[in-house]
Amino acid sequence: MSAETSSSAPISPAASSPAPSSPAPSSPHAALDVSALDDVRANEELAWLAASIAKHDAAYFNDDAPHISDAAYDALKRRNSAIEARFPALIRADSPSKRVGAAPAEGFGKVTHPVPMLSLGNAFDDQDVHDFVTSVRRFLTLDAAAPLTFTAEPKIDGVSIAVRYERGRFVQAATRGDGQVGENVTANVATIDAIPAKLKGKDVPDVIEVRGEIYMGDDDFAALNAAQADAGQKVFANPRNAAAGSLRQLDAKITATRPLRFFAYTWGEVSTLPADTQAGVVAAFASWGLPTNPDMAVCEDADALIAYYRAIEARRSALGYDIDGIVYKVDALAYQDRLGLRSRAPRWAIAHKFAAEQAITTLNAIEIQVGRTGALTPVAKLAPVTVGGVVVSNATLHNEDEIARKDIRVGDTVVVQRAGDVIPQVVQVVTEKRPGESAAFVFPTRCPVCGSEAVRPVDVKTGDQDVVRRCTGGLICPAQAKERLKHFVSRNAVEIDGLGDKQIDLFYDEGLLRQPADIYTLAERDAARPSDERLAARKGYGNRSIEKLFTSIEERRKIPLDRFIFGLGIRHVGEQTARDLAAAYTSFARFREAVEGAVAGMPSAAYERFVHLPGLGLKTAESAFKAIAASAEDLQRLAGSEGATIETLLTGLKLVPPKAAGTLARAFDEAPVLIEAACEAARGAPGADYIELTNLDGIGATVSDALVAFFREAHNVEALDALLEQVEVTPFAARTAVASNVSGKTVVFTGTLQTMGRSEAKARAERLGAKVASSVSKKTDYVVAGADAGSKLTKAEQLGVEVLSEDAWTALTGGA
Ligand code: IVH
């Protein structure tokens with residue numbers, strides 16, 4: 001690794017075991033400011049720096065005997081970056097800045113996070129904070145007297161980053177990306193002064209991935225924007241965008257010139273943790289030379305967290321950097337471990353958001369958008385206005401009832417609000433400013449895209465009209481079809497790179513894509529066309545981008561079950577529900593069989609109406625309609641007799657308790673109507689498969705009904721079958737499940753458990769690959785009975801399901 005250049009100067013004879021403050025060894029032109037260098041001098045110095053840094057690396061990595069202090073080493077790297085930034089043409093092939101995984105020329109490489117990068121749940125008010133603390137205590141089964149501490153710290157509005165150190169040396173940095181896979185921004189992060197090239201201290205683990213936020217201070221942001229404006233370059237909307245834009249530069253030399261800062265606040269992969277509390281680990285970060293937030297505090301309860309929140313909120317504008325809330329974390333790492341995560345967010349942390357920021361502007365128009373499930377969503381088109389540092393020109397109006405309630409009219413002056421990353425909303429109208437002529441907004445009753453009727457169905461259970469009006473066009477409606485396609489290819493579903501909203505709109509309009517299956521035949525159909533008509537021949541495309549698109553499509557012919565189910569875009573089936581379903585059924589065939597079974601066993605509207613009669617309750621309602629249906633003939637006959645009322649008939653034959661008879665008499669006008677309804681309810685009672693589906697933990701009737709509704713539509717089933725011809729759905733492999741002797745088993749917990757709360761028991765069982773159900777059936781493998789177990793235990797005994805004590809369960813699952 002010796003430098004082949006005549007101008008390389010000898011490394012200054014620095015002490016072999018240097019004090020941390022040892023001076024930087026001087027380069028040939030160290031006395032000159034970078035701005036004072038000319039080409040020749042810059043070239044000489046880059047050569048010297050390359051050789052020098054290489055020697056220090058060798059001394060450190062190979063001989064474990066550094067020649068210079070960390071600060072001096074960092075100073076060399078910085079000087080090198082600064083010169084390279086000014087003289088990009090002189091960057092050497094052996095440049096030290098290229099050594100750590102530089103970004104490939106045409107974009108950033110991908111980095112799979114060894115430990116996923118999570119997001120946080122939100123708290124919006126004090127009650128949410130109390131609820132958070134209560135739920136943590138409940139999960140851990142801590143009584144009110146047991147101590148439980150939390151850390152509290154500002155939530156930085158920047159870009160999250162994972163910075164990997166091996167043997168104390170910076171080796172890699174990656175953005176969050178989708179939480180599983182991020183972008184390799186090593187070369188960029190290497191230029192940030194706040195992120196040391198080397199960690200100091202004796203207790204630095206062999207491997208530690210430090211995570212935190214890269215951000216830009218308010219003053220630096222203002223100065224950068226001023227300079228950008230002077231140079232006729234893009235100005236940034238806010239410090240967060242400026243930080244993100246500066247970091248994601250393909251040319252790291254640009255990043256080097258930007259004033260980026262960093263706070264370390266959590267970690268990913270780590271070989272050994274330096275402490276057993278959150279606060280302890282962050283203190284260790286600081287001792288290793290990483291910047292940590294000086295305002296972090298430890299609090300004993302919800303009131304203390306809230307007091308901390310208020311105190312920081314009061315100082316918010318004086319902090320010098322943007323924050324959008326406070327993050328609370330359970331301090332004890334052992335508790336964090338037990339709490340684990342739900343979906344993509346940990347149970348042990350929460351972000352308490354600051355109140356929304358508001359602004360006033362004009363409502364120019366109300367546009368109706370049609371979503372994937374046909375929902376007609378009104379969107380406010382606004383005169384652009386800055387709200388909390390972001391320019392807003394669209395805002396949600398929620399639904400037609402909201403527009404009516406707030407009497408929002410086109411031309412109105414309105415108050416717009418935006419909180420964190422949520423969609424801006426129109427809060428109210430400034431009525432004093434309403435123009436003389438204006439008319440109440442009339443919500444369309446036809447789909448603005450396909451013209452089909454748009455309806456607000458009545459919920460059979462509650463009798464209420466749905467707040468959302470929906471287009472009845474299904475896949476006939478281009479808007480719904482496009483949105484479904486977009487959802488199918490989206491990042492958390494099947495994730496097809498290069499097939500963005502723009503392409504889908506275009507391909508759909510041209511008739512190239514109508515349903516997901518078409519995506520997989522696109523390349524073949526394209527190749528069959530004359531070459532001048534192919535996609536690659538289009539303006540704005542080109543061979544390479546089309547090739548890339550076809551490759552990413554091919555890469556997605558195998559789709560993991562959870563992503564596939566999510567990708568189908570079924571109402572109420574979000575990512576977590578899709579995962580729950582995938583975990584429960586493990587293969588698409590089993591999932592489909594279960595839902596098709598449920599389609600046949602879906603309760604009828606008459607059944608739903610009966611069991612939701614106010615004041616009746618499920619059990620009474622079921623026994624009532626069964627009894628009435630069984631005696632239908634007798635009742636019909638008696639109903640004709642003089643003076644017979646519903647009440648006298650029912651109580652006379654002792655078919656239902658007197659109170660229920662009263663309820664039924666109020667709900668139905670005449671006996672024959674009641675009898676008819678009861679017979680229909682009895683015929684339409686839910687079948688075993690339907691009950692099974694709704695009993696899955698985390699599923700319930702809403703999701704089951706949505707699944708059934710989806711599979712009942714012939715056009716959905718056709719589209720699904722066509723898709724299955726093209727793709728292979730791979731069985732669900734629980735990311736965290738470990739092989740155990742309960743994997744694949746169905747477990748029901750009942751009674752009070754001693755060693756852990758119900759939620760923790762459930763989370764643990766699921767980690768071990770078991771399926772947790774809420775009620776006992778023939779398909780239950782184990783019932784784990786704690787103290788005071790009641791009807792579920794009885795049912796298990798009746799059905800001959802194996803009953804385990806909590807100890808037996810713990811033993812079966814290999815201890816805590
Ligand atoms: S902790 C598992 N602490 O907020 C918890 N996050 O909404 C990981 N963020 O992606 C995050 N300041 O980028 C944590 N003091 C802080 C934070 C913080 C900002 C960001 C982070 C994360 C996002 C979640």
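For ligands, and for the atoms within them, numbers begin at 1 and follow the listed sequence.
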Closest to atom 3 (N) of ligand 1 (judged by heavy-atom distance), picking from Met117, Gln278, Lys329: Lys329
Presence of salt bridge, Lys486 and Glu483, under 4.0 angstrom: yes
Residues Tyr321 and Asn293: side-chain donor-acceptor under 3.5 angstrom: yes
Proximity winner for atom 16 (C) of ligand 1, if only heavy atoms of Trp267, Tyr265, Tyr215 are counted: Tyr265
Ion pair Lys329/Glu153, N-O distance below 4.0 Å: yes
Option among Glu575, Arg563, His487, Gln180 that satisfies the side-chain hydrogen bond (donor to acceptor under 3.5 Å, both in side chains) test with Asn492: Glu575
Within 6.0 angstrom of Arg316 CZ, more than 12 heavy atoms from elsewhere: yes
Residue portion contacting ligand 1 (non-hydrogen atoms closer than 4.0 Å) for Pro154: backbone
Gly212 near ligand 1 by a heavy-atom separation under 4.0 Å: no
Polar atom proximity, Ser119 to ligand 1 (N or O, under 3.5 Å): no
For Leu120, atoms of ligand 1 separated by under 4.0 Å from a heavy atom: 5 (C), 6 (N), 7 (O), 24 (C)
contact_flag Pro346 ligand 1 heavy-atom lt 4.0 Å: yes
Ligand 1 atoms in contact with Glu213 (distance to a heavy atom under 4.0 Å): 9 (N), 13 (O), 19 (C), 20 (C), 21 (C)
Test: Arg164 and Glu166 ion pair at under 4.0 Å: yes
Atoms in ligand 1 with a heavy atom of Trp348 nearer than 4.0 Å: 2 (C)
